[in-house]
Amino acid sequence: MAKHVLRVVAVVYVMLLLVLPVALIVWRTFGDGLGPFAEALTSPSALHAFKVTVVVAGWAVLANTVFGVGAALLLVRHEFPGKRLLGAFIDLPMAVSPVVVGLALILVYGRFAPLGGLLESWGIQVIFSTPGMVLATVFVSLPLVVRAVVPVLEELGDEQEQAAHTLGASRVQTFVRITLPGIRWALGYGVVLCLARSLGEYGAVAVVSGRLVDQTQTMTLFVEERFQNFDQPAAFAAATALALIAVVTLLLTKLLRPKDRSDGN
């Protein structure tokens, strides 16, 4: 009896919290057919917001992939003073509010900050431009690749890598031929999670971007701006597009996770 009650409570909870709101957005989006949906997503502002989103997410995923693999190798394969502290710093974005992250970036890279002022004197604007949005997105998605790769590296061990070094392989050859194939599914899983987090980021990007329409506006900021300006068809269309991307991302993570586990067996 208790099992059935818990099942009903879980289903109702998920329905009210997740399924019903998303379903209502989809229903409002396609209530008048596909025409308004396509028209809203092909407007110049929507296309520009989508382009900015892809650029910011792409750079963030690239940076976190390179950093994530390197940090995972450092944490698993090496012992050094401050190792636990580094691990704690990597997990820090999971505990800090994205709005705080955005404010911190402004204090460091803003026009009136020492570092930000120096960069602007060199012609590099960080805040209220794409670099600041990339930095904010990199920060909030920082742990995802690292925490996906670390457990797999720990399970693989370093016996094969040591054997390759003994046979004369360089570090690059060892990584490409042994380490990378062993972590490929975990790396793919972490990259997909990082991409999903980057595409859906709002708080930190909203602070550092300035929300400039047709300049520093991502899709999430586009949804808010259109809704506040009573352009509900465009807001619902963009929200539905983001929801569809989230569904595809979820399917990819489900496809990658079993392979990750099977490789570790």
Which atom pairs, one a donor and one an acceptor, fall under 3.5 Å between side chains of residues 7-19 and the rest of the protein, sequence neighbours left out?
none

Item to check | Within 6.0 angstrom of Glu154 CD, more than 12 heavy atoms from elsewhere | outcome: yes

Contacts table for residues 21-30: side-chain donor-acceptor under 3.5 angstrom, sequence neighbours left out:
residue : atom : partner : partner atom : Å
Arg28   : NH2  : Gln232  : OE1          : 2.9
Thr29   : OG1  : Ile25   : O            : 2.7
Thr29   : OG1  : Phe236  : O            : 3.0
Thr29   : OG1  : Thr240  : OG1          : 2.6

Checklist entry - When Ile, Leu, Val, Met, Phe, Trp and Tyr are grouped by side-chain heavy atoms lying under 4.5 Å apart, directly or through other members, which residues fall in the same group as Phe222? => result none

Item to check | side-chain hydrogen bond (donor to acceptor under 3.5 Å, both in side chains) partners of residues 89-105, not counting sequence neighbours, each pair once | outcome: Asp91-Arg147

Checklist outcome for this item: Between Thr216 and Arg211 the two heavy atoms that sit nearest each other are OG1-N, 3.8 Å

Checklist entry - Is there a chain of hydrophobic side chains (I, L, V, M, F, W, Y, each step under 4.5 Å between heavy atoms) that links Val146 to Leu85? => result no

Item to check | Selection residues 75-90 - residue pairs positive for side-chain hydrogen bond (donor to acceptor under 3.5 Å, both in side chains), sequence neighbours left out | outcome: Arg77-Glu161, Glu79-Lys83

Checklist entry - With sequence neighbours left out, what residues match Ala241 under side-chain contact (heavy atoms from CB on, under 4.5 Å)? => result Leu41

For residues 122-136, dump all side-chain donor-acceptor pairs below 3.5 Å to protein atoms at least two apart in sequence or in another chain.
residue : atom : partner : partner atom : Å
Gln125  : NE2  : Ile127  : O            : 3.1
Ser129  : OG   : Gln125  : O            : 2.5
Ser129  : OG   : Val126  : O            : 2.9

N/O donor to acceptor pairs below 3.5 angstrom from side-chain atoms of residues 47-55, sequence neighbours left out:
residue : atom : partner : partner atom : Å
His48   : NE2  : Asp214  : O            : 3.2
Thr53   : OG1  : Ala49   : O            : 2.7
Thr53   : OG1  : Met219  : N            : 2.8

Checklist entry - Hey, any chance Val152 and Val191 share a hydrophobic cluster, counting ILVMFWY side chains that come within less than 4.5 Å of each other, even indirectly? => result yes

Checklist entry - Applying salt bridge (Lys or Arg N to Asp or Glu O under 4.0 Å), which residue pairs with at least one partner in residues 54-65 are found, sequence neighbours left out? => result none

Next on the checklist: I need the minimum non-hydrogen distance between Ala60 and Cys194, along with the two atoms involved.
Outcome noted: O-SG, 4.4 Å

Checklist entry - Side chains of Thr220 and Glu201: does their closest heavy-atom pair fall under 4.5 Å? => result no

Checklist entry - Can you list the residues that meet the side-chain contact (heavy atoms from CB on, under 4.5 Å) rule with Phe139, with sequence neighbours excluded? => result Pro93, Val101

Next on the checklist: Between Trp59 and Leu62, is there a side-chain heavy-atom distance shorter than 4.5 Å?
Outcome noted: yes

Checklist entry - Which residue pairs pass the side-chain hydrogen bond (donor to acceptor under 3.5 Å, both in side chains) test when at least one of the two sits in residues 132-144, sequence neighbours left out? => result Asn64-Ser141

Checklist entry - Looking only at atom types and distance, does a side-chain atom of Glu159 sit under 3.5 Å from a main-chain N or O of Gln162, one as donor and one as acceptor? => result no

Checklist entry - Ile245, Leu221: one ILVMFWY side-chain cluster at the under-4.5 Å cut-off? => result no

Checklist entry - In terms of side-chain heavy atoms, does Ser43 have a donor or acceptor partner in Ser45 at a distance below 3.5 Å? => result no

Next on the checklist: Looking at Gly157, is its backbone amide N or carbonyl O close enough to the side chain of Glu155 to form a donor-acceptor pair, meaning the two atoms are under 3.5 Å apart?
Outcome noted: no

Checklist entry - Would you say Val145 and Leu86 are hydrophobically clustered, going by side-chain heavy atoms of ILVMFWY under 4.5 Å? => result yes

Checklist outcome for this item: Residue pairs meeting salt bridge (Lys or Arg N to Asp or Glu O under 4.0 Å), one or both in residues 96-124, sequence neighbours left out, come to Arg111-Glu120

